[in-house]
Peer 1: 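The structure's right below; bear with me while I get my questions together.
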2 protein chains.
Amino acid sequence: MFSLAEENYLKAIYHLEQEHNGEVSTNAIADRMDTKPSSVTDMVQKLAEKEVLSYKKYKGTLLTPSGRKIAANVIRKHRLWEVFLVEKLNFHWDEVHDIAEQLEHIQSEELVVRLDKFLGHPDFDPHGDPIPDKHGNVKRTEKKLLSECEKNQRGVCVGVKESSGEFLQYLDKRKISIGTKIKVLGKEFFDGSMIIQVGNDQFFISKKIAENLYVQTN
Amino acid sequence: MFSLAEENYLKAIYHLEQEHNGEVSTNAIADRMDTKPSSVTDMVQKLAEKEVLSYKKYKGTLLTPSGRKIAANVIRKHRLWEVFLVEKLNFHWDEVHDIAEQLEHIQSEELVVRLDKFLGHPDFDPHGDPIPDKHGNVKRTEKKLLSECEKNQRGVCVGVKESSGEFLQYLDKRKISIGTKIKVLGKEFFDGSMIIQVGNDQFFISKKIAENLYVQTN
DNA sequence: TAATATTTTTAGCTTAGTCTAAAAATAAGG
DNA sequence: CCTTATTTTTAGACTAAGCTAAAAATATTA
Ligand SMILES: [Mn+2]
Ligand SMILES: [Mn+2]
Ligand SMILES: [Mn+2]
Ligand SMILES: [Mn+2]
């Protein structure tokens with residue numbers, strides 16, 4: 001029904017919609033997909049014909065509910081395959097994206113159902129991103145302070161409570177910014193300090209740090 | 001390096017070469033691939049440019065060693081994925097071909113290595129077809145009498161010893177002909193009779209039948 | 001608000017892979 | 001061996017998806 005190229009566009013637009021929460025511009029799509037804006041205009045007009053997105057010249061695009069469902073399903077497959085590659089084939093989590101980029105386009109409802117079951121119905125991919133359910137719904141959660149997180153919880157940094165220069169510099173040094181994924185590897189009850197994982201780095205943070213970082217948890 | 005369409009052509013030509021053992025005609029390829037002969041001519045000329053097959057106008061084509069290796073690798077992936085689908089995802093063996101037709105085109109050396117390992121380095125796919133090794137070599141075996149086969153062995157019918165009308169009619173009734181795959185489910189030492197599987201059917205055969213059927217075993 | 005800069009679209013080309021219709025080569029039959 | 005049938009190739013067109021260059025719309029800013 002939808003070609004590989006069309007699926008990739010829908011997926012990119014889906015992600016961009018979340019990020020900008022709202023219409024997505026032609027240039028933003030071109031940037032994300034490594035194509036030229038003129039190519040995007042063509043494709044977006046075709047997808048508007050197919051009613052998977054709404055488009056007004058010069059005004060940007062928004063997915064329709066049906067387009068959003070298709071995109072979510074591609075993302076579901078992408079993330080399920082990533083789980084498979086890491087959990088079953090023992091790939092490292094940072095090696096799997098490009099393979100999943102191909103596997104996400106395999107067409108077979110039944111395959112997805114069985115893969116999901118085989119993997120034990122996982123809720124998150126190896127990067128900590130949530131796996132949409134079969135209806136395209138993603139479990140979206142409230143933000144909270146990192147200090148409220150438990151061991152093994154994952155979250156995405158969505159903001160800071162205090163924003164002094166020193167604190168922001170500290171975050172910068174630790175390569176933490178909005179959108180950074182954080183996993184709690186350990187938590188000390190005595191002083192509330194934590195060991196966390198950020199990208200490939202693991203390090204200690206004090207309770208004070210943890211109390212000033214907002215995360216959106218899984 | 002090679003597109004999905006090119007890979008499918010190479011694979012089809014590979015199979016046709018075995019079947020006709022020799023040059024493959026344009027029409028034969030068109031038939032197999034469900035395309036028009038004119039499309040085949042175009043593609044075959046392109047593949048000849050790329051030196052994966054040799055082609056002389058009106059004379060048919062033959063894969064070069066490099067073309068044969070590429071084809072065998074696609075077939076390797078196809079059959080490994082079929083094993084995965086049946087053994088791990090519990091698909092029935094007659095449901096997996098179309099999905100494998102897509103999965104065989106996923107590009108990743110490492111994925112194949114790990115999938116092969118995960119599956120325990122299988123030698124045959126769920127249909128009993130041999131899985132080429134990483135160098136494109138297929139274990140080709142001698143033909144022998146079905147009566148010489150052991151329990152759980154699989155073979156492809158490649159001929160008969162006696163060819164009386166009654167015998168051939170029997171084979172016909174049982175839907176056994178050249179190319180039919182047979183699996184030995186059980187063997188009785190006392191009288192040499194067997195239970196065999198042919199397609200979805202399972203039935204008894206006497207020693208006399210088994211002694212007159214040549215099979216190529218895995 | 002008028003000039004300038006940026007974004008987006010259009011127009012026209014390109015390549016891969018397919019098709020139909022017609023021409024050319026080869027094979028078969030009398 | 002000549003005529004007819006079959007196979008194969010060529011010529012020309014089409015669609016999907018991309019590109020460049022130029023035009024048009026929108027946004028910025030002096
Ligand atoms: Mn990914
Ligand atoms: Mn993709
Ligand atoms: Mn198959
Ligand atoms: Mn295929």
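Every chain is numbered from 1 and lettered A, B, ... according to where its sequence line falls, protein lines coming before strand lines. The figures that follow rest on heavy atoms only: side chains count, while hydrogens, waters and symmetry mates do not.
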Peer 1: Taking the minimum atom-to-atom distance to the side chain of B/Asp42, which one of C/dC19, C/dT26, C/dT9 wins?
Peer 2: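 Of all the options, the side chain of B/Asp42 is nearest to C/dC19.
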
Peer 1: What is the distance from NZ of B/Lys57 to P of C/dA23, rounded to the nearest Å?
Peer 2: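 That distance rounds to 17 Å.
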
Peer 1: Tell me the interatomic distance from A/Lys56, atom NZ, to C/dT8, atom C1', rounded to whole angstroms.
Peer 2: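 Computing the A/Lys56:NZ to C/dT8:C1' distance gives 16 Å.
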
Peer 1: Once you round it to whole Å, what is the distance between P of D/dT7 and NZ of B/Lys36?
Peer 2: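 About 14 Å, once rounded to whole Å.
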
Peer 1: State whether A/Tyr55 places a side-chain N or O below 4.0 Å from either non-bridging phosphate oxygen (OP1 or OP2) of C/dT8.
Peer 2: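 So the side-chain polar atoms of A/Tyr55 never come under 4.0 Å of the phosphate oxygens OP1 or OP2 of C/dT8.
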
Peer 1: Hey, are A/His97 and A/His127 close enough side-chain-wise for a donor-acceptor pair under 3.5 Å?
Peer 2: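 Per modelled atom types, A/His127 and A/His97 side chains form no pair under 3.5 Å.
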
Peer 1: Kindly indicate whether the side chain of A/Glu51, heavy atoms from C-beta on, has any atom under 4.5 Å from the side chain of A/Ser66.
Peer 2: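 SC-SC contact between A/Glu51 and A/Ser66 ruled out.
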
Peer 1: Can you name the one residue among B/Asn137, B/Asn73, B/Ile75 that meets side-chain contact (heavy atoms from CB on, under 4.5 Å) with B/Pro132?
Peer 2: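 Filter result, single survivor: B/Ile75.
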
Peer 1: Between A/Ser3 and B/Ser38, which residue's closest nucleotide on DNA chain D lies nearer the 5′ terminus?
Peer 2: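 The answer here is B/Ser38.
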
Peer 1: Just the rounded figure in Å: distance from P of C/dT8 to NZ of A/Lys59.
Peer 2: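 Result: 11 Å.
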
Peer 1: If you only use heavy atoms from C-beta on, which nucleotide in C/dT10, D/dT10, C/dA25 is closest to the side chain of A/Thr41?
Peer 2: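 Minimum distance to the A/Thr41 side chain belongs to C/dT10.
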
Peer 1: Taking the side chain as every heavy atom from C-beta outward, state whether A/Thr61 and A/Ser54 have any atom pair closer than 4.5 Å.
Peer 2: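 They are not in contact (no side-chain heavy atoms under 4.5 Å apart), so the answer is no.
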
Peer 1: Using whole Å, report how far OH of A/Tyr58 lies from P of D/dA27.
Peer 2: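 Rounding to the nearest Å, OH of A/Tyr58 and P of D/dA27 are 11 Å apart.
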
Peer 1: For DNA chain D, which residues of residues 4-34 of chain B approach it to below 4.0 angstrom with any heavy atom?
Peer 2: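 Heavy-atom contacts with DNA chain D come from B/Ser25, B/Thr26, B/Asn27.
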
Peer 1: May I ask you to check whether over 12 heavy atoms, not counting those of A/Lys50, lie within 6.0 Å of atom NZ?
Peer 2: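 Atom NZ in A/Lys50 is crowded, with more than 12 foreign heavy atoms closer than 6.0 Å.
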
Peer 1: Please work out whether the ring planes of B/Trp81 and B/Phe84 are parallel, tilted or perpendicular, with thresholds of 30° and 60°.
Peer 2: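 Correct class here is perpendicular.
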
